[in-house]
Amino acid sequence: MSPFFQYFLSSLSVDVVIAGAGPSGLVCGYYLAKQGWKVNVLERQLRVGGGMPGGGMMFNRITIQQEAKPVFDELDINLQVYRDGLFVADSLETISTLCSKTIKAGARIFNLMSVEDVMIKNQQVAGVVINWSATVWSKLHVDPLSMGARVVVDATGHDAEVCRIVERKTGPCLRTPSGGVMGEKSMWAEEGEKALINNTIEVFPGLVVCGMAANAVMGSPRMGAIFGGMFLSGKKAAELIATLLKTGER
Ligand code: 48F
């Protein structure tokens with residue numbers, strides 16, 4: 001018991017908190033931890049991996065495009081050639097390897113922990129408000145705790161939960177055309193993939209968005225069982241955050 005509590009207590013103030021342990025959140029955590037930043041990844045569910053275990057229609061394989069291959073090679077995840085420029089990975093191998101490498105790089109992953117709000121100080125996100133998922137799901141009236149961070153990442157997938165919370169509580173303040181969450185558009189895999197990297201931005205001071213949440217926030221299309229963009233978006237988010245932290249902007 002006490003090893004967990006020591007670990008938890010020493011995690012209450014970190015450089016980066018990532019909400020969501022899907023592909024984009026884990027990859028972002030991996031690259032940041034590898035550079036020595038103190039990172040927590042918070043996952044609401046019992047298990048990590050987000051949408052990966054189910055692949056497309058529960059076929060536990062995920063499709064990867066050429067551009068994302070270097071990330072898979074770095075992580076030593078096997079890829080099978082599908083056809084020109086497209087590869088297939090076993091989603092369970094991908095999750096287990098990515099999770100293991102992310103923890104070994106130094107990131108701390110907390111499962112069964114939900115982000116239910118953010119802290120905003122001086123017009124800047126300064127951390128997250130957390131609770132046990134079981135408490136949230138049972139709608140128990142239990143006050144949450146907070147976790148301080150210089151940067152928070154919304155990697156919560158299609159629902160872009162953290163960005164929606166900021167919009168609801170602060171008004172139309174996001175760096176999007178409307179100032180709010182634009183909303184994900186219907187499927188157009190190629191366009192969605194293309195847009196994703198440009199949509200991976202600091203969307204509010206101290207709040208970076210990546211993965212499907214980035215397309216949802218910026219109003220871009222969804223893209224089925226192609227996952228390479230999620231990995232590239234997580235990597236781009238890590239690069240962006242490292243710059244913000246290094247320059248002392250956050
Ligand atoms: O949905 P998810 O896998 O997000 P992603 O990294 O990848 C998207 C793909 O899986 C797929 C796709 C491919 O074309 O479209 O959907 O963008 O993972 C998001 C994770 O965030 C967790 C959620 O349980 C999931 O594991 N999550 C969501 N809201 C919260 C959260 C929250 N408030 N607190 C903690 N975890």
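No experiment lies behind these values; they were computed from the predicted model shown. Numbering of ligands and ligand atoms starts at 1, following listing order.
By the 3.5 Å distance cut-off applied to N or O atoms, Arg44 is counted among the residues near ligand 1. The shortest N/O to N/O separation between Gly51 and ligand 1 falls below 3.5 Å. Note: no N/O pair closer than 3.5 Å links Ala19 and ligand 1 by distance alone.
For the pair Leu174 and Phe204, the tightest heavy-atom approach, listed with the atom from each and the gap, is CD2-CB, 4.1 Å.
Heavy-atom proximity to Ile226, at under 4.0 Å, picks out these atoms of ligand 1: 13 (C), 14 (O). Listed by number with element, the atoms of ligand 1 under 4.0 Å from a non-hydrogen atom of Gly157 are 1 (O), 4 (O), 17 (O), 19 (C). Shown in contact with Met223 at under 4.0 Å from a heavy atom are these atoms of ligand 1, numbered in order with element: 14 (O). Per-residue contacts place Leu42 under 4.0 angstrom from the following atoms of ligand 1 (heavy atoms of the residue considered): 35 (C), 36 (N). Near Ser24, meaning under 4.0 Å from any of its heavy atoms, are these atoms of ligand 1: 5 (P), 6 (O), 17 (O). Within ligand 1, counting atoms from 1 as listed, the ones closer than 4.0 Å to a heavy atom of Met113 are 35 (C). The Gly211 neighbourhood of ligand 1 comprises atoms 17 (O), with distances under 4.0 Å to a heavy atom of that residue.
Considering Leu145, Asp143, Val115, Asp117 in turn, Asp117 is the only one that fulfils the side chain to side chain contact (heavy atoms under 4.5 Å, CB included) rule with Val129.
Nearest protein heavy-atom neighbour of atom 14 (O) of ligand 1: Gly224 O, 2.7 Å. Ranking the protein heavy atoms by distance from atom 34 (N) of ligand 1 puts Val115 N, 2.9 Å first. Of the protein's heavy atoms, Glu43 OE1, 2.7 Å lies nearest to atom 26 (O) of ligand 1. Nearest protein heavy-atom neighbour of atom 8 (C) of ligand 1: Met230 SD, 3.7 Å. The shortest contact between atom 9 (C) of ligand 1 and any protein heavy atom is with Phe227 CE2, 3.6 Å.
Taking CD of Glu167 as the reference point, atom SG of Cys173 lies at 7.5 Å (rounded to 0.5 Å).
At least one cation-pi condition fails for Lys101 and Tyr30: the charged atom is not both under 6.0 angstrom from the six-membered ring centre and inside a 45 degree cone around its axis.
The local environment of OH in Tyr82 is sparse, with at most 12 non-hydrogen atoms from other residues, nucleotides or ligands closer than 6.0 Å.
The residue among Gly55, Ala155, Pro53, Gly192 with a heavy atom at the shortest distance from atom 19 (C) of ligand 1 is Ala155. Here atom 7 (O) of ligand 1 lies nearest to Pro23 when heavy atoms of Gly22, Gly20, Pro23 are compared. Taking only non-hydrogen atoms, the option from Glu116, His158, Gln45, Met212 nearest to atom 16 (O) of ligand 1 is His158.
For the residue pair Ser233/Ser24, the side-chain donor-acceptor check at 3.5 Å is not satisfied.
Applying the side-chain hydrogen bond (donor to acceptor under 3.5 Å, both in side chains) test to pairs two or more places apart or on separate chains, those with a residue in residues 40-63 are Arg44-Glu161.
Residue Arg222 places every heavy atom at 4.0 Å or more from ligand 1.
Phe110 and Phe4 have perpendicular rings, their planes meeting at more than 60° on a 0 to 90° scale where under 30° would count as parallel.
The existence of a salt bridge linking Arg250 and Glu202 is confirmed by a sub-4.0 Å separation between a basic side-chain nitrogen and an acidic carboxylate oxygen.
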